[in-house]
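Letters A, B, ... are given to chains in the order of the sequence lines, protein chains preceding strands, and every chain is numbered from 1.
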Amino acid sequence: MDNPALEEFVEEVEEIIEDLEEGVLLLEEQPKKRSLIDRIFRAMHTIKGGAGMVMETELAEYAHHFENLLDKARNGEIVCTPEMASLLLSSIDGFRSFLSKIREGGDVDQQLIDKTLIQLREFEENAGQPTSKPPDKKTEEKTKEPASKDEVQTQEDEVKPEAVDPQNEQSTESVENKVQEEVQWDDEDEGEEIAYLLHLKFDSGMLRKGSDPILLIKELAELGDLDMIPHLGSLPDLKNHDPEDIHLWWSAKLVTSRPAEEIENILIFFQDDKNEVKFEPAESPPEDPGLASHGIYDEPEEKEQEQNKVDVSEVESNLEPEQKEGEKTKSESESKEVEEPEKEITTEPDSSDAEQQSLSIQKSQEPAPVKDTKKKTTESKATQSIRVTVERLDKLQNLVGETVINQARLHLLSDKIMEIDVKLGEMLEQFVEDNEKSVQELQDQILQVRMIPVGSILNNMKRTVRDYATKSKKKIRLEIEGGDTELDKTVTEQLQGPLVHLVRNSMDHGIEDSETRIKNGKDPTGTISLRASQQEGYVIVEIEDDGKGIDAKVIFDSAVKKGFINDTDELSEDEIYKLLFLPGFTTTTEVTDVSGRGVGMDTVRRDIEALLGTIEISSVLNKGTNTKLKLPLTLAIIEGMMIDVGHQVFTIPLLSVNESLRPVPEQIKKIKDKGELVEIRGEYIPLLRLYERLKLKPRYKEPTEGLVVVVQHANRKQCLFVDEIVDQGPVVIKSMEDNFIQVPGIAGATILGDGRISFILDVASLVN
Amino acid sequence: MENNKNKKYLGTVSLSDEELEDMSLDISYSEGTRLITFILGQEKYGLDILKVRELISFPEGLTRIPRMPDFIVGMFNLRGLVIPVMDLRKKFNMSDEERHEFSVIIIVDVENKYIGLTVDAVSDVIFVKEDEMQDTSELAVNVDTKFIKGVAKTKDEMIILLDIDYLLSKEEFDTLIENKSKE
């Protein structure tokens, strides 16, 4: 795919699809939420438009079909049912198929595409029946017009009949009413977004007390869309103008989804006798661009005239005459003393006060519909960030890593120069130290850039759960917590597979069907919780279900049967759960049936370990199971302990190191068939002679001459016999696979201060 | 008279036959491959120059990878990249001569992986026309033929064309590990 426009398109659509998927899943829960349908519609529309631009006509056409469906839903002809959600979700799979075709070539999964289109047609046919009988052209035409109007203005219809041809209006009224009765958007009932009318008349001495209305207004504007109208009535002429007094006051309309308390909080200090500050909900639907665009001129005036709150739709109906009046007054205004609020606004450009002009002009001269302003803000946000390919970031990170290494070399160099010329050496040393700060900062920043919220993959599980629940007839609820926890992009991506696996396990084997759950006194709907949090340089991801749990005894018995352990072995509960991760342990149907866990749990474990993470399972019978993943924030840099074996320096992740010591001969025990053990404070830990494992010629043949490093992986400890410990510090991990292959026993490579390469030992494989 | 003639033909150039031949050589470049040739033992090898990223002298700090066969000499740091080095002499089971001063590492780029190959010396960059290259099937060479794509015969020498993609493929590398685990 060499076409950059196409590439960009695919990337964009990938993002949109995610948004789409999330939207559809939400819509299924709240089928009558207007804003959701709008969101999905917009997404679908963007795909269609984009596809058309890059000449992917088939894709555009495909999107078009679903856009039509959504348009009907938007117009209230169709209510979103679970079937429709399924349909939309399978359309997403269709889009993915198109994308992979574009990206990798080959063919679209035509079967899938056709299937979804047939389903779509069937659905539309079925859905069409209850509302409007056989969809002959006439009724369709009729429904369309009011419906599209309905789309923007629900309540206005009666108030502003001139907008529609009256006859047409009447003839379709019955249909329209019917539709409206059926679809009551929840948004409106819920008051998801509420418009407030604000009356802000501050104490004229406010500025002297150190407050400033502009600050308040800015705060209010952060809550939502704020439209302000200044009132200039009490503005004195220039002679009597005291710049430290406030002469203006404002009416405002604030459309916000935040609770009223937040507005209260901002205004609370001004709700006293000296200030005249009030706010109250307006009785208008907030999502009404028509109102918002005109309303801002009118509501406050109306309000002032009538001294109380006014239904905005009424204002709207008065719009036209008023505007005319406004024009009249404008012509008269020059001769008259400005007094009435109506005139104030129209004469505003004549005003001499520059400050209030700027304020009022920008707010009121371009009365944009609420929706448009929203779009603008998101657009301006978008320009604040740029899209960068991961490869580029990787390169950047490599370069930074290199700089870090060069920094270490500079240290060595300055030491050497110091030996020859102290003064020069000190100068260099000073520079090197200064440089170190920047390098450190650079390194931190580049790591920061690579961090993305883990929520994206947690949210992907919603689809997994939904699809499973629909198929299995189990009722499952997915709870997600801590989605904003950040993790390195690579870690996040590679977490997806194991996560799907674990969630499936929970659904498949953990959560019981509703009947069983009721019998056991549980909520018929099972819950799976995904929780992410950051703890001491790690990210913890927990997958918890409230299902039937795992019976440790059953695992133990199966393990004995399989010959993994002896029935005389004494294992702690933790150790028993660890058996689940043994390769081959769980592949037998017997175990899966009984314990209900772990097809391929060893794969999950390996995936997590490849991310330098750990996995732990705990379970309470009939209460549920908890799987805890502990992952490093980043794969790029770890703290390492550099050790020397046979004159070659290896690095051990410091996280795995418990301690190091030189044992005395009495501590070393040789046991037949079990090799050597080191006794440390009463505990016997197996000894591994690293030089044997690595096939190197060591300096020392006996642990008592060299050193023993105790490492731990999961709950297993291991003593590593090394020649000596060389150093300790942060190391930049380089993948072996980048230019070579994954070598068993080696987790990666790093570059030491002298430019040489040191291999990072894979503790997990050494311990097992 | 002569002056006039000169003026008239001021814009033309006459070329010797030799010069013309040179020009026609340029045109024939469209069919064939540019090769970098190197010496290994007694023979001359060639590999597609587009696969070559750079040539470097033998690095000082080479770190052996534990439990890897001999011909994987180790890994070294090339400006922050960790790059493995394969000793072609050992890989092709040639006599293990001390490497002499011409020892060079060719860094090749195969499927975005950078890998170093030690050779005795790099000799030349040549152009080989399509019809100068031929199959290896009936040729006897010291090297296992599966790593050889063909042979190019130029005026005075024979160049063995290495199948670098196969030599450095993931499949080939993976056998390194399987061999190990069998041990």
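- Both the backbone and the side chain of A:Phe740 come within contact range of chain B, judged by heavy atoms closer than 4.5 Å.
- At a 4.5 Å heavy-atom cutoff, the contact between B:Ile65 and chain A is made by backbone and side-chain atoms alike.
- Applying the ring-ring contact (aromatic ring centres under 6.0 Å, His included) test to B:Tyr166 and every residue at least two apart in sequence or in another chain returns B:Phe147.
- A salt bridge does not link A:Glu705 with A:Arg699: every distance from a Lys NZ or Arg NE/NH1/NH2 to an Asp or Glu carboxylate oxygen is 4.0 Å or more.
- With a 4.5 angstrom heavy-atom cutoff, A:Ile751 touches chain B only via side-chain atoms.
- Taking a cutoff of 4.0 Å between a charged side-chain nitrogen and a carboxylate oxygen, B:Arg89 and B:Asp120 qualify as a salt bridge.
- Only the backbone of B:Asn112 has a heavy atom closer than 4.5 Å to any heavy atom of chain A.
- With a 4.5 Å cut-off on non-hydrogen atoms, A:Ile746 touches chain B through its side chain but not through its backbone.
- Between the side chains of B:Thr118 and B:Asp87, at least one donor N or O sits under 3.5 Å from an acceptor N or O.
- A:Thr490 has its side chain within reach of A:Arg450: a pair of non-hydrogen atoms, C-beta onward, lies under 4.5 Å apart.
- Contacts with chain B were tallied for A:Ser735, A:Ala749, A:Pro744; A:Pro744 has the most, counting heavy-atom pairs under 4.5 Å.
- Using a cut-off of 4.0 Å between Lys/Arg side-chain N and Asp/Glu carboxylate O, B:Glu111 and B:Lys51 are scored as not salt-bridged.
- With a 4.5 angstrom heavy-atom cutoff, B:Leu168 does not touch chain A via any of its atoms.
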